[in-house]
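Ligands are counted one by one from 1 in listed order, and the atoms in each one are counted from 1 as well. One-based numbering along the sequence shown.
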Amino acid sequence: MSLQQHLLSPEGREALTRLVQQQPLLAFDFDGTLAPIVMHPETARTPPEMVPLLTTLAQRLPLVILTGRQVDDVRQRLGFTPTHIVGNHGAEDLLEGPDAAAVEALAPFRARVDARRTALSTAGVFIEDKGASIAIHYRLSPDPVQARAVIEELLTELPPQVLIEPGKQVVNVLVDSAPDKGDAMHRLMARYGCRSGFYAGDDTNDEPVFERAERDWVTVRVGPRLDHSHARYYLQEQAEMAQVLQQMVDALGR
Ligand SMILES: O=P(O)(O)OC[C@H]1O[C@H](O[C@H]2O[C@H](CO)[C@@H](O)[C@H](O)[C@H]2O)[C@H](O)[C@@H](O)[C@@H]1O
């Protein structure tokens, strides 16, 4: 793993320009990458100034969204129509729906959640059941100690195949046999016949894409440089993404 470079450095801009001219697959995570992180998940949106840039890019290249959200949820927040969407951290394809085995494997965990609804809500912990994965949100909890205790108890006995992954003020409950974002990216590269790719993400669920990227892909982690990330480039903050999109549009020319 080598030191990450800033994507808007001269070297980063050159790599981006070179990539865009090779008809790559452009893939973006949503929360924290296209949309700023906000307190309430239901208020997240692509900033208006980025929408025309994304619209132009999606008209010129295959442009896909790989998100932890459900497909129908993210679709209404984008403000433009991407070529394809994969949701649920890789486990829900726009055309094929959620991974049925994952939905089924989560049934016993769902029952554990149901039995603790009152304790969770008293602690300000909000459950987002997305079918093929479940998010346990604690950003809005007024008492982090109480929230942690309730979540720890909920996670004490995990059903077979169920695993947990930390995210941004959220615990993701996933199924180990379900496809992740890395699987989704490789599947979409094949589907759209692309030999090179761009991927931007900001969280733990994006690392499988960074880790399994081919040598000539441009991979970007949104957030201060993190030495243990497998992304090749970084952006200091989400607001810089608009400049990246503009650079791509400029590189495509007319
Ligand atoms: O893979 P992503 O597109 O980045 O989705 C990851 C999760 O995003 C959402 O939660 C996160 O963003 C919220 C809005 O900014 C924030 O309030 C929350 O604390 C974050 O964890 C979404 O609600 C989840 O379903 C996604 O898995």
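- Using a cut-off of 4.0 Å between Lys/Arg side-chain N and Asp/Glu carboxylate O, D216 and R195 are scored as not salt-bridged.
- If you number the atoms of ligand 1 from 1 as listed, the ones under 4.0 Å from a heavy atom of H89 come out as 27 (O).
- In this structure, atom 10 (O) of ligand 1 lies nearest to the protein heavy atom H137 CE1, 3.5 Å.
- Nearest protein heavy-atom contact of atom 8 (O) of ligand 1 is D31 OD2, 3.0 Å.
- Interface atoms of ligand 1 facing G68, defined by a heavy-atom separation under 4.0 Å, are 1 (O), 2 (P), 3 (O), 5 (O), 26 (C), 27 (O).
- K181 places a side-chain N or O within 3.5 Å of a backbone atom of L66 that can act as its donor or acceptor partner.
- The list of salt bridge (charged side-chain N to carboxylate O under 4.0 Å, His left out) pairs with a residue in residues 97-115, not counting sequence neighbours, reads R110-D129, D114-R117.
- The nearest heavy-atom contact from the protein to atom 18 (C) of ligand 1 is R139 NE, 3.7 Å.
- Salt-bridge check for R13 with D250: failed, with every basic side-chain N at 4.0 Å or more from each acidic carboxylate O.
- Of all atoms in ligand 1, numbered sequentially from 1 with element shown, those under 4.0 Å from a heavy atom of F30 are 3 (O).
- If you check which protein heavy atom lies closest to atom 2 (P) of ligand 1, you get D29 OD1, 2.7 Å.
- Between R221 and D206 there is no salt bridge, since no side-chain N of the basic residue sits under 4.0 Å from a carboxylate O of the acidic one.
- When non-hydrogen atoms are compared, ligand 1 lies under 4.0 Å from neither the backbone nor the side chain of T43.
- Every atom of ligand 1 with a heavy atom of K181 under 4.0 Å away is listed here by number and element: 1 (O).
- E214 and S196 share no side-chain donor-acceptor pair at under 3.5 Å.
- Less than 4.0 angstrom separates some heavy atom of P41 from each of these atoms of ligand 1: 14 (C), 17 (O), 23 (O).
- Every atom of ligand 1 is numbered from 1 in the order shown, and the set under 4.0 Å from a heavy atom of K168 is 18 (C), 19 (O), 20 (C), 21 (O).
- Summary of contacts: the protein heavy atom closest to atom 24 (C) of ligand 1 is E128 OE1, 3.5 Å.
- Looking only at heavy atoms of the protein, atom 3 (O) of ligand 1 is closest to T67 OG1, 2.7 Å.
- In the vicinity of M39, heavy-atom distances shorter than 4.0 Å reach the ligand 1 atoms 17 (O).
- In this structure the side chain of I136 reaches within 4.5 angstrom of the side chain of L155, judged on heavy atoms.
- Under a 4.0 Å N-O distance rule, the pair R116/E153 qualifies as a salt bridge.
- F109 pairs by the ring pair (Phe, Tyr, Trp, His ring centres under 6.0 Å) definition with nothing, not counting sequence neighbours.
- Contact check on R77 versus D73 returns a salt bridge, with a Lys/Arg side-chain nitrogen under 4.0 Å from an Asp/Glu carboxylate oxygen.
- For atom 15 (O) of ligand 1, the closest non-hydrogen atom on the protein side is V38 N, 2.8 Å.
- Ligand-side atoms of ligand 1 in range of V170: 21 (O), range being under 4.0 angstrom from any heavy atom.
- Closest protein heavy atom to atom 27 (O) of ligand 1: K130 NZ, 2.9 Å.
- Taking the six-membered ring where the residue is Trp, Y234 and H6 present perpendicular rings, their angle passing 60° and hence far from 30°.
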